[in-house]
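This report concerns only the one structure given below.
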Amino acid sequence: MTQTLINIDKEREKANEHIKAQGLRVLVCAGTGCVANGSLEVIERFKKLGANVGTLTHHDKMTVVPTGCHGFCEKGVLVVIPDLDVTYVKVKPDDVEEIVESHIKEGKPVERLLYVDPKTQKHIAKNEEIGFYAKQTRTSLANCGHINAESLEEAVAVGGYAALHKVLEQNDPDAVIKEIEDSGLRGRGGGGFPTGRKWRFTAANKGGKSYVVCNGDEGDPGAFMDRSVMEGDPHKLLEGMAIAGFAIGADEAYIYVRAEYPLAIKRLRRAIADAEAAGYLGKNIMGSDFNFTIHIKEGAGAFVCGEETALIASIEGERGMPRPKPPFPANKGLFGRPTLINNVETLANVPVIISKGAKWFSSFGTEKSKGTKTFALTGEVNNTGLIEVPMGTTLREIVFDIGGGIRNGKKFKAVQIGGPSGGCLTEEHLDLPMDYDNLIAAGAMVGSGGLVVMNEDTCIVEVARFFMNFTQHESCGKCVPCREGTKNMLKILEKIVKGKGEMKDLDTLEELAHAVKDGSLCGLGKTAPNPVLSTLKYFRDEYIAHIKDKRCPAGVCSAMKTITIQEDLCKGCSKCARNCPVGAIEGELRSPFKINQEKCIKCGACLNACPFKAIKQS
């Protein structure tokens with residue numbers, strides 16, 4: 001059937017005229033992190049002060065643009081004024097008037113609000129010269145922080161829906177799948193399965209209903225990559241889903257996103273409504289024969305629902321629990337029909353690949369891991385935030401160049417990558433090219449992209465206990481290896497950090513870890529032992545110190561601390577005794593007090609209470 005599509009170039013021209021009419025654009029981060037830091041009040045202050053446009057020296061109009069996450073969360077609230085080539089960091093509502101009066105009106109930048117390079121101590125105004133941004137290459141995050149996340153016009157102005165128009169115009173689903181195959185794109189949700197291959201498997205099940213499902217159930221502690229895409233550039237995700245639907249022959253889709261992402265849900269709902277009203281989603285998209293409807297399903301926050309079969313069960317109204325595979329979702333998925341499941345970042349890369357070509361995308365990365373990857377860089381690093389770098393970028397570049405090094409001059413110790421499903425990387429891995437295969441060989445995995453940086457004061461055994469506690473609580477309980485194995489692994493780790501461990505516990509811990517890894521039903525159980533196995537491999541001496549010496553090398557595990565009162569410094573004021581929650585401190589006024597070590601729970605309340613620094617911890 002002959003199709004007469006809308007003219008997407010004219011739509012983009014109109015959208016760009018809309019942006020030009022805004023005059024001086026002041027981009028204020030309105031992602032979740034900056035909203036928590038007061039960005040909405042900053043936006044209102046700018047709007048109020050910019051209302052009197054006649055007083056502006058170089059511009060006849062100023063428009064305040066609430067954007068998605070800029071990535072540099074450590075420095076929020078961020079304000080970027082592209083026409084003035086400046087980025088302001090840690091902006092408070094009371095700083096707005098000075099920015100308007102000094103810089104916008106008089107042309108004098110507010111130096112105290114500029115980024116300060118931690119190495120040179122110089123103030124830097126330009127975004128691209130800030131170390132945090134300089135080594136990044138953004139594809140899925142390209143528009144985040146640069147457009148109004150709630151404006152369809154601004155999305156179209158930067159190329160939104162042009163890729164969808166292209167595939168509808170060419171009208172060749174197989175060619176779309178081949179382009180994704182040729183790009184080398186692999187699933188960004190953790191497993192790294194080739195995306196094009198998954199699309200082809202699903203498309204092969206022709207005849208009848210099929211679905212596209214976007215997995216936005218981002219449950220790893222410290223991970224917020226998918227949330228930032230959904231909040232900052234929702235139309236790119238919708239476009240990627242529509243292209244996927246066209247390629248596999250689906251006309252209906254679901255975005256599964258956890259309910260604790262209210263801003264992402266709000267912006268997705270608006271984006272879907274605006275796209276349907278403009279004819280970019282819904283019936284006869286852009287004047288074609290292609291129909292595609294997207295629904296949002298709010299999840300209750302169960303970590304296991306990140307696993308695709310558990311996610312399907314949740315959408316269907318069942319308890320989110322995984323089921324055995326095969327059959328795989330590509331054959332029998334949502335409501336028993338062929339279903340394509342990709343995560344947010346994977347789908348957000350699709351419009352870029354279609355627009356710029358598979359060859360362009362595959363020019364980034366390594367031989368087997370193409371393109372870029374987003375990481376949530378957190379922990380003991382100077383510059384925390386959301387980054388996107390080519391696959392194969394080394395850990396050293398991420399931590400010391402983009403991240404600005406370890407806080408307070410401390411020594412780098414390790415990085416936990418991939419969240420509870422990942423593993424630890426050490427100093428010896430700093431120059432390892434980060435891609436799917438290298439990380440698996442090192443005992444870790446890309447996972448969703450969480451990167452938690454640890455310094456010399458971090459107890460590795462406690463880190464393993466923390467992640468095992470998380471996965472044990474999030475286990476759905478369906479299969480015995482995960483349900484019982486993670487429980488017993490946690491008991492052993494808790495025993496070790498309490499100073500009650502035995503050397504035989506390490507053998508038992510490893511044996512349990514392999515049993516859980518080999519016998520669990522789904523990916524949660526199969527990867528749950530990774531933090532334990534990797535820390536045992538690279539930091540076994542710390543486990544031994546906890547067991548043999550009853551000592552925590554990092555001085556973190558409270559059960560191994562000894563708190564004492566130095567008699568020569570104690571004035572007998574009794575503040576320590578009055579603050580002790582268990583009555584472990586004994587003595588009389590104006591005489592040195594003593595701590596009953598059998599009663600002491602090592603909480604440190606006495607340390608904080610003593611005004612004479614007479615209490616020491618070792």
Side-chain angles (χ1 to χ4, degrees), residues 32 187-193 198 211-231 237 241 252-265 268-269 294-325 327-330 332-337 339-348 376 418-422 445-450 467-479 481-483 486 516 520-528 530:
T32 294
R188 298 306 196 237
F193 191 83
K198 182 183 277 193
Y211 293 93
V212 171
V213 172
C214 171
N215 184 348
D217 189 67
E218 188 172 47
D220 288 5
F224 51 98
M225 296 75 64
D226 290 349
R227 186 191 74 194
S228 295
V229 173
M230 291 186 285
E231 288 179 0
L237 171 60
M241 292 178 71
E252 196 169 358
Y254 286 83
I255 303 174
Y256 189 91
V257 54
R258 48 184 49 213
E260 54 260 55
Y261 280 3
L263 186 58
I265 292 169
L268 283 168
R269 290 195 191 283
I294 298 178
H295 312 283
I296 292 176
K297 168 66 177 179
E298 295 182 37
F303 183 68
V304 73
C305 285
E307 195 277 335
E308 56 187 16
T309 60
L311 182 154
I312 287 171
S314 182
I315 294 176
E316 292 175 341
E318 303 293 329
R319 182 180 174 187
M321 298 179 80
R323 61 165 172 75
K325 293 182 285 189
F328 293 94
K332 187 179 179 182
L334 187 62
F335 305 121
R337 302 303 307 165
T339 303
L340 171 68
I341 303 179
N342 287 132
N343 88 318
V344 173
E345 185 184 348
T346 308
L347 290 162
S421 305
M445 62 187 293
V446 172
S448 62
F467 283 113
M468 185 51 60
N469 182 65
F470 178 86
T471 51
Q472 196 278 317
H473 279 88
E474 291 291 345
S475 172
C476 74
K478 185 173 183 177
C479 69
C482 180
R483 183 182 69 238
T486 56
V516 173
S520 292
L521 177 62
C522 79
L524 184 148
K526 290 183 182 297
T527 57
N530 283 352

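No experiment lies behind these values; they were computed from the predicted model shown.
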| request: Could you tell me which non-hydrogen atom of Y254 sits nearest to which non-hydrogen atom of M241, and how far apart they are? | output: O-CE, 3.7 Å
| remark: Looking only at heavy atoms, the pair that brings S314 and Y256 closest together is OG-OH, 2.8 Å
| task | Could you list the residues that satisfy salt bridge (Lys or Arg N to Asp or Glu O under 4.0 Å) with D226, not counting sequence neighbours? | result | none
| field | Sequence-distant partners of S520, side chain to side chain contact (heavy atoms under 4.5 Å, CB included), two or more places apart | value | C479, P481, C482, V516, K526
| note | Separation between CD1 (I255) and CG (D217), nearest 0.5 Å, reads 13.0 Å
| Can you tell me how far CD1 of I315 sits from OG1 of T339, rounded to the nearest 0.5 angstrom? | 8.5 Å
| query | Within the distance-only criterion (no hydrogens, no angle test), does the side chain of T471 pair as donor or acceptor with the backbone N or O of F467 below 3.5 angstrom? | reply | yes
| remark: Sorted by chain and residue number, the salt bridge (Lys or Arg N to Asp or Glu O under 4.0 Å) partners of E307 (sequence neighbours excluded) come out as K325
| request: Quick one: closest heavy-atom pair of V229 and A348, and the distance? | output: CG1-CB, 4.0 Å
| query | Which heavy atom in E316 sits nearest to a heavy atom in G336, and how many Å separate them? | reply | OE2-N, 4.1 Å
| note | Sorted by chain and residue number, the side-chain hydrogen bond (donor to acceptor under 3.5 Å, both in side chains) partners of R227 (sequence neighbours excluded) come out as none
| Mind checking what makes side chain to side chain contact (heavy atoms under 4.5 Å, CB included) contact with N530, not counting sequence neighbours? | M445, K517, T527
| Quick one: are L237 and M230 in side-chain contact, heavy atoms under 4.5 Å? | yes
| Distance (rounded to the nearest 0.5 Å) between I312 CD1 and M321 CE | 15.5 Å
| Side chains of P329 and L334: does their closest heavy-atom pair fall under 4.5 Å? | no
| Any donor and acceptor pair, going by atom type alone, linking the side chain of E345 with main-chain N or O of M225 inside 3.5 Å? | no
List the atom pairs, with distances to 0.1 Å, where a side-chain N or O of residues 294-305 and a protein N or O form a donor-acceptor pair under 3.5 Å, not counting sequence neighbours.
{"unit_1": "H295", "atom_1": "NE2", "unit_2": "E252", "atom_2": "OE2", "d": "2.7"}
{"unit_1": "E298", "atom_1": "OE2", "unit_2": "R269", "atom_2": "NH2", "d": "3.0"}

| What are the two closest heavy atoms between L347 and C214, and how far apart are they? | CD1-CB, 3.7 Å
| query | Taking all non-hydrogen atoms of both residues, which atom of G306 and which atom of N215 are closest, and how far apart? | reply | O-ND2, 2.8 Å
| query | Okay, side chain of K198, backbone of L340: is any donor-acceptor separation there less than 3.5 Å? | reply | no
